[in-house]
*Asks:* 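Supplied in structure tokens, the structure appears directly below.
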There are 2 protein chains.
Amino acid sequence: MNFVYWLRLLKTLSQIKGNAFMSKRPLRIADIAKKAGVSPATVSRVLNNHPYVRDEIRQRVLKIIEETGYQPNLAARSLATQRTGILGFVIPRTVHTFFSDPYFARVTEGIAQACNAHDYTLSLFLFYTVEDERRMIPRLTRKGLVDGIIVQSTHLQDEVLMRVMDGEVPFLLAGRPVAPLNVSYIDVDNVAGGYQATVHLLQLGRKRVATIAGPLTTSAGIDRLEGYRKALRERGLPVDEQLIVEGDFTEMGGYYAMRRLLPLEPDAVFVASDGMAVGALRAIREVGKQVPRDIAIVGYDDLPIAQSTTPPLTTIRQPILRFGARAVEVLLDIIENGSSPPRRVVLGTELVVRASCGATI
Amino acid sequence: MNFVYWLRLLKTLSQIKGNAFMSKRPLRIADIAKKAGVSPATVSRVLNNHPYVRDEIRQRVLKIIEETGYQPNLAARSLATQRTGILGFVIPRTVHTFFSDPYFARVTEGIAQACNAHDYTLSLFLFYTVEDERRMIPRLTRKGLVDGIIVQSTHLQDEVLMRVMDGEVPFLLAGRPVAPLNVSYIDVDNVAGGYQATVHLLQLGRKRVATIAGPLTTSAGIDRLEGYRKALRERGLPVDEQLIVEGDFTEMGGYYAMRRLLPLEPDAVFVASDGMAVGALRAIREVGKQVPRDIAIVGYDDLPIAQSTTPPLTTIRQPILRFGARAVEVLLDIIENGSSPPRRVVLGTELVVRASCGATI
DNA sequence: GTGAAAGCGCTAACAA
DNA sequence: TTGTTAGCGCTTTCAC
């Protein structure tokens, strides 16, 4: 019994059993048409919910589709319609916190849910090296792979953004671009968020309010800091540049930023992300100071972790899931109706008071 | 100047500037062929690195492709080759911790990196509702969308798994299936990991070693607990079922599990994930006990957070990134060479000693 | 309402 | 080595 014979045997067996070991040829639209005694065009109409199909025939076709488990071949459909039903979510190389910042997992979830709801498939493009970007971007930006792209906003002049802008595929930025580009974006009102947080601390009577900012190469970092400055300015308070330390949205970054801040004896800190706030709490605990008694803390994001720190974090809630969902909706709108004029969607934030700010609840 | 006129103007402008505002028709292979004075077939050969193309011609074609920025239409290629160049990563609805457990973000990263390296695109299928699954699975399991699927292993008899097994698309389970199915999977040696952790605690002289297990509906939960049992058994120690508490891989779950354990006064706990360990540490801190003096802790995963807890976590390191990378490799192998015989890949674990176990380093 | 036929843009077998 | 040609499976005019 030689190998080829054995292979053929297996193949036969698998066909008899009808399992997928070596699968028979998938059904095509023509097969369904024949079984239903209609033309492929009619089956296609049924598939795509076109009007002008006699109801009796529609039912007959649907029944056969149901019985056979027929699924249209998506590659063929894409070729014919010039649509793939896939949306891309792109994280440029310069966003190195995709993993360490739970924020991104959450946004991804929001986008995924919205894709499910709108019957789109989500493709994730995580770039790590220049080589990754060089190879994948050209595909991404040509028709035939994705119908639209959500690009995570990042450093000024990021190459990914430039090339996506230059491409043929509709796109939307997740996060305001740092430079004032004429593109569509969706963002959270980070200035308002930073402002809310800082005002809250000031209203609680704190005198030396410091901030651990996000990376000042990102609009989120810049805007939250701007909100902080605005709050001080409006109340006629001086902005002490020493009390502003830049972090990188990671726990470690928050820890080290807080260590730099501690000798300056702030009595409150607005930390521009919950992740960094966790690190800041650790730094404070290590020197034996108490939160909120000695130092009050307000974070940003309202990730689940904010409820589990000791003490629980007062924080600025971003509607992260809704952010992802809206991003998909806006992108679909752009795909349908063109990218002009650019869409600008800004979602609001909300102060969530817990224990770390020292407010009596 | 009415609206239509204005639109037409913009369109003209955009064409002059050559930007993508309203893009001209993308180039096809025939256009390149004409410019190069060869046939489409030759261009195709160049594109696909076929031999038997005269070098001079190859260069000429490549030059034109370069100049024009031509990119082949992927839908058309997919239709012709019956390959899409897309791999799917599926998270069934019953895995509700995709967001809260950083483990998944990490695995996703590993898979994404490997996809980049192998020139595949990654599609993410996060299911939340039965409805999601009902609608998306049939697509997923028919040729034309993805070339292969990585399915996150989950509860016994999960519907997703059943339907993927029944489909036409090659697949690989991430995580041993709970039931002994005749399918390919990749897993970490969780029994060995649980064993290592428990033995370590016993060797440090701990007498009442408890465990916070993962969900016992998952193979990871089951196997890590089995490792714990095995360690006690081998040393002739009794397994006190009271000292085994089931968690859910979340921080909250770890917290509550530890609260149940505290009255039983264990002097050590093997916690089956770092996330749960963070919760356990919090519960211990709240009752004023000290780690590792009163209670020693060993976690599982070696996520970055393990380095930032107080005290830093001794833990079992899983090669998560490598797990994702290997998963892709094995899946590609299955796609190339068929799913029979089933592949079984099991990666090793490693004990990382930090402070929480009380070992003098 | 329905069917015939012409693509969608690429690959691959076959012929030259 | 290269070109010709026939699909890949679906949608969509256009005619009936």
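All values below were derived from every heavy atom in this structure, side-chain atoms included, with hydrogens, water molecules and symmetry-related copies excluded. Every chain is numbered from 1, with letters handed out A, B, ... down the list of sequences.
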*Asks:* From CZ of B/R83 over to P of C/dC10, roughly how many Å is that when rounded to an integer?
*Replies:* 19 Å
*Asks:* How close do B/G175 and B/S153 get, heavy atom to heavy atom, and via which atoms?
*Replies:* O-CB, 3.1 Å
*Asks:* Which heavy atom in A/N116 sits nearest to a heavy atom in B/L126, and how many Å separate them?
*Replies:* ND2-O, 2.7 Å
*Asks:* Tell me: OH of A/Y52 to P of D/dT11, nearest whole Å?
*Replies:* 19 Å
*Asks:* Once side chain to side chain donor-acceptor pair (under 3.5 Å) is applied, do any residues pair with B/D333, and if so which ones, sequence neighbours excluded?
*Replies:* B/N337, B/R343
*Asks:* If you find the nucleotide of DNA chain D closest to B/V53 and the one closest to A/L47, which residue's nucleotide is nearer the 5' end?
*Replies:* B/V53
*Asks:* Counting only side-chain N and O atoms of A/Q82, is one of them less than 4.0 Å from OP1 or OP2 of D/dT11?
*Replies:* no
*Asks:* Looking at residues 63-75 of chain A, who's got a heavy atom less than 4.0 Å off DNA chain D?
*Replies:* A/Y70, A/P72, A/N73
*Asks:* How close or far is atom C1' of D/dT11 from atom CG of B/L79, stated in whole angstroms?
*Replies:* 12 Å
*Asks:* Please list all pairs passing the salt bridge (charged side-chain N to carboxylate O under 4.0 Å, His left out) test where one or both residues lie in residues 78-90 of chain A, with sequence neighbours left out.
*Replies:* A/R83-A/E336
*Asks:* What is the separation between atom CZ on B/R28 and atom P on C/dG9, rounded to the nearest whole Å?
*Replies:* 6 Å
*Asks:* Would you sort out whether A/E329 and A/R326 count as a salt bridge (charged side-chain N to carboxylate O under 4.0 Å, His left out), showing the intermediate values?
*Replies:* CA-CA 5 Å; A/E329 286 164 15; A/R326 284 289 285 143; 3.1 Å; yes
*Asks:* Given B/V328, which of B/V330, B/L331, B/L332 fulfils the side chain to side chain contact (heavy atoms under 4.5 Å, CB included) condition?
*Replies:* B/L332
*Asks:* Got more than 12 heavy atoms from elsewhere within 6.0 Å of CD, B/E67?
*Replies:* yes
*Asks:* When the C1' atoms of the five terminal pairs at each end define the local axes, what inter-axis angle does the helix from C/dG1-D/dC16 to C/dA16-D/dT1 show, to 10 degrees?
*Replies:* 40°
*Asks:* So does A/P170 get a backbone contact from the side chain of A/S339, meaning a donor-acceptor N/O pair under 3.5 Å?
*Replies:* no
*Asks:* Is there a donor-acceptor pair closer than 3.5 Å between any side-chain N or O of B/D147 and the backbone N or O of B/L87?
*Replies:* no
*Asks:* Within this structure, what is the CD-to-P distance between B/E168 and D/dG9, rounded to whole angstrom?
*Replies:* 11 Å
*Asks:* Expressed as a whole number of angstroms, how long is the span from B/L27:CG to C/dC8:C1'?
*Replies:* 16 Å
*Asks:* Whole angstroms only, please: what is the CD1-P distance between A/I29 and C/dC8?
*Replies:* 19 Å
*Asks:* Quick one: side chain to side chain contact (heavy atoms under 4.5 Å, CB included) partners of A/Q82, sequence neighbours excluded?
*Replies:* B/N73
*Asks:* Can you tell me how far C1' of C/dC10 sits from NZ of A/K143, to the nearest Å?
*Replies:* 18 Å
*Asks:* I'd like to know if the side chain of A/D31 and the backbone of A/L27 have a donor-acceptor N/O pair within less than 3.5 Å.
*Replies:* no
*Asks:* Please determine whether a side-chain nitrogen or oxygen atom of A/R54 lies at a distance below 4.0 Å from atom OP1 or OP2 of C/dG1.
*Replies:* no
*Asks:* Show the distances under 3.5 angstrom between N or O atoms of the protein and N or O atoms of nucleotides 12-16 of chain C.
*Replies:*
none

